[in-house]
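Below is one structure, written out as structure tokens, with a few remarks after it.
Residue numbers start from 1 in every chain, and the chains themselves are labelled A, B, ... in the order their sequence lines are given, proteins ahead of strands.
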Amino acid sequence: MTDASTPLIVGGDRGPQSGADAPRADDDLLAGLNPPQREAVTYRGPALLIVAGAGSGKTSVLTRRIASLLRGGEAWPSQILAITFTNKAAGEMRERVRQLIGDRAEGMWISTFHSACVRILRREAQQFGFTKAFTIYDSGDSRALIKRLVKEHEGDAFGLTPAGTQSRISKLKNELADAESYARQANMSDPVERVFVEIFSAYQRALQRANAFDFDDLIGQTVYLFRAFPHVADVYRRRFRHILVDEYQDTNHAQYALIHELTRPIGSDAGPIASSGGMMIFDADPADDPSKAPASLTVVGDSDQSIYAFRGADIRNISEFERDYPGAKVVLLEQNYRSTQNILSAANAVISNNFDRKEKRLWTDVGAGDPIIGFTGYSQHDEAQFVADEVEALRKGGVDYSQMAVFYRTNSQSRALEEIFIRSAIPYKIMGGTKFYERAEIKDAMAYLVAVANPADEMAVRRILNRPRRGIGDVTETAIARYAADEQITFRDALANASALGVGPKLQQAIAHLDAVLAEAREIMLPASGELAPPTAVADGLTLLLNKSGYFDALRASRDPQDEARLENLDELIAVAREFARNNPEGTVVDFLTEVALVSDADDLEDASGSVSLMTLHTAKGLEYDAVFVTGVEEDLLPHRISAGEPGGPQEERRLFYVGITRARKRLYLSLAMTRAQFGEVSVAMPSRFLQEIPADLVDWRQSPGDVNSRGGMQSRALNARPRRPGQGRYGDDLVPKSSAIDKFPNRIPAKVRDNGDMELAAGDRIRHDDFGEGHVDAITGEGAKRVAHVRFEKVGAKKLLVKIAPITKL
DNA sequence: TCTTGTGAATTTTTT
DNA sequence: ATTCACAAGA
């Protein structure tokens, strides 16, 4: 069957064998599924909600459901739209469907919201004043633009910061508001609001003029497109007969509205009907006319794993699904196939502290498994060392590095882990963090491509104007902008008239040269003759741009050691472009730019094989590992300090912790540090409240927050930089210390740690340290909680100790 | 126009 | 701790 050639639009046809009721020949698709899972695969109806607890096999269910639709002849591949949270998840789902039914899977749309919308927008852009070649602004691009506008409108005088303005605009767009609709209901007598609205609408005009969409627009403008052009919407309503949305709990209002638009009856172009009420009301019952029937909708989600409220995800989308889609079938998947009972019990205990949730209890029949391991380090380095030691112990026990992951709340926590991992020679991979595509040199190179592909994008042209240095400064840039405005041409086209700009001959030459390079690259990548550019065009064009613009030369000539790395990064980018050409022989520059703009951290799946994965708890969603380390389980970090002030914040933090716990298949480690350096300052950390929510008998504290200071003969690596000898991990050779005092209070979390805050100590005093013995205080520096004693010990030499928490007594 | 130095702010999470 | 922005000087 040549599904790829299925006509894009299949009229009112519902598929080759519509109306098939009894699933047939599905036996192998249902093999190994429990009853609710089977129901989720085989149910047929207008709307289905699958409430899928963590590890309940929802991906399996989803792929089998798709496979069963296709195999049963109920749908063509082209009639299926499946939305996932990341591109990586999309790729995996596509692959799994292919494994189930083979090449018949070709032609489905399986993608993220953003990718799907880009596809639609590229096709329909001309309908509303954009071109196919529109640019996608990532948050950095949009921040840069907003920053300029805030400055121009003197927003700072009204307390408007670029970051704040950006996030407000983003939130509004997620609610499908634009500057006008916002202005209508805002208090416009407030000058701050007026300026904000001005900036908002100026921002939107700038995007339009630059032929660009920001991330939020990709969704919002697609919804706008569907609402403003019902015949366009109908094209997609006819096409997509089966819509499936994963991670539904993390959809925001715009995404919800998009799905709503797509699941209207065909021809229901009366505009938005009572969408706020959630009910769809029509003059005639659409069921009367099968050719107009809406697409069937399947959503999968788990409100306990909703962790994106901060960016507009609305948990009500899932909790009110049954109201939005009356008659919807609900299937509950509670049996967990991933984790041991101990891990699940901990997860259940934690999440049950969220009060506004529907009761749901994960269970498994695989048995209790190993206890959860807890550890309290003296510092983040100590904690990292523990993780590294355990990773090595697990490795020796036969666990592959790729089956271990370390999670943390904030990206900045990765640094300490990295340092220790490097020193311990443990292969690791950081998912996310400072991203390849956010490096300045990569953004520059991409801006060159954008300047060629979408000359309307003034931001991109301005970015490369003086990169590498051409002596073009503020004055010249303004001159170009003025000339462009006077002549009513784009900033890009103004470069072609260097001699008319009224700048010096040297500058004229520089500008003319840049113009020529851009033109030459355009001829390679987008030949004016209209002929198709060869697959290598993107890589070739990029190479040409970087060579002839002098970008490479400037980096090579530089003596900044970092510039060598930058050159390597650019080489890598060119390699990415080549790879892209291999995978997409027909791919254009625009396609390349799109792909790059939409990749996310979690997509970065390039063989994490053989390495331990490090990532934030957010990135961890949807993944699973044999062994999981959740680090930094401290107050003010998890839950994060900032969440305290936000409504629903602490609960969302708890869900985040829950997500982390439920990623673990066999082994779970929870760790924290007593002190943590941030902003270059050391501060004292307290155990997270979430730890107390885990039943004590589930956790085996190797070093608990309760007795970390009392005894144990353990040296603090925080205060003792003595290098470790190889093979002498803290519990090397699987020798877990036969804990003594530790067993007595296995899970006692005291409200506070040792506090010597008021110990009076001065230079000249003698002290005794639990580990280091007796010593002489040379000096005291710092104040309050950060008071540091410089001590010369008789046995171990000079040390610096944080007075507040060091296990010392004055003699 | 570019370089250097000082000071300030940063670190919550991301398609 | 590090990065970034802005100011003053070359």
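A:Glu652 and A:Arg655 are joined by a salt bridge, as a carboxylate oxygen and a charged side-chain nitrogen come within less than 4.0 angstrom of each other.
At a cut-off of 3.5 angstrom, counting only N and O atoms as typed in the model, there is no donor on one side facing an acceptor on the other between the side-chain of A:His640 and the base of B:dT12. Remark: the A:Arg409 side chain and the B:dT13 base include a donor-acceptor N/O pair separated by less than 3.5 Å.
Within the nucleic acid shown, A:Asn466 comes within 4.0 Å of sugar-phosphate atoms alone, with no base atom in reach, counting heavy atoms only.
At B:dT10, none of the side-chain N or O atoms of A:Ser412 fall inside 4.0 Å of OP1 or OP2 (strictly under the cut-off). Contact annotation: A:Asn87 side-chain N/O to B:dT15 OP1/OP2 distance is not under 4.0 Å. A close approach under 4.0 Å does occur between a side-chain nitrogen or oxygen of A:Arg469 and OP1 or OP2 of B:dT3. Taking 4.0 angstrom as the limit, A:Thr616 places none of its side-chain polar atoms (N or O) nearer than this to OP1 or OP2 of B:dT12. Between A:Asn252 and B:dT15 there is no side-chain N or O to OP1 or OP2 distance below 4.0 Å. For A:Thr86, no side-chain nitrogen or oxygen approaches OP1 or OP2 of B:dT15 to under 4.0 Å. Between B:dT15 and A:Asn174, no contact under 4.0 Å exists linking OP1 or OP2 to a side-chain N or O.
Side chains of A:Ser139 and A:Gln166: no donor on one and acceptor on the other come within 3.5 Å. Side-chain contact of A:Tyr236 with A:Glu124: a donor-acceptor pair under 3.5 Å is present, judged by distance alone.
Close placement of the A:Phe310 and A:His618 rings is indicated, their centers lying within 6.0 Å of each other.
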Hey, what are the protein-to-nucleotides 1-9 of chain C N/O distances that come in under 3.5 Å?
{"residue": "C:dA5", "atom": "OP1", "partner": "A:Lys147", "partner atom": "NZ", "Å": "3.2"}

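Residue whose closest nucleotide on DNA chain B sits further toward the 5' end, between A:Ile642 and A:Gln255: A:Ile642.
Comparing the C1' positions of C:dC6 and B:dT11 gives a spacing of 23 Å, expressed to the nearest Å.
For A:Phe407 and B:dT13, the CZ to C1' distance is 14 Å, given to the nearest whole Å.
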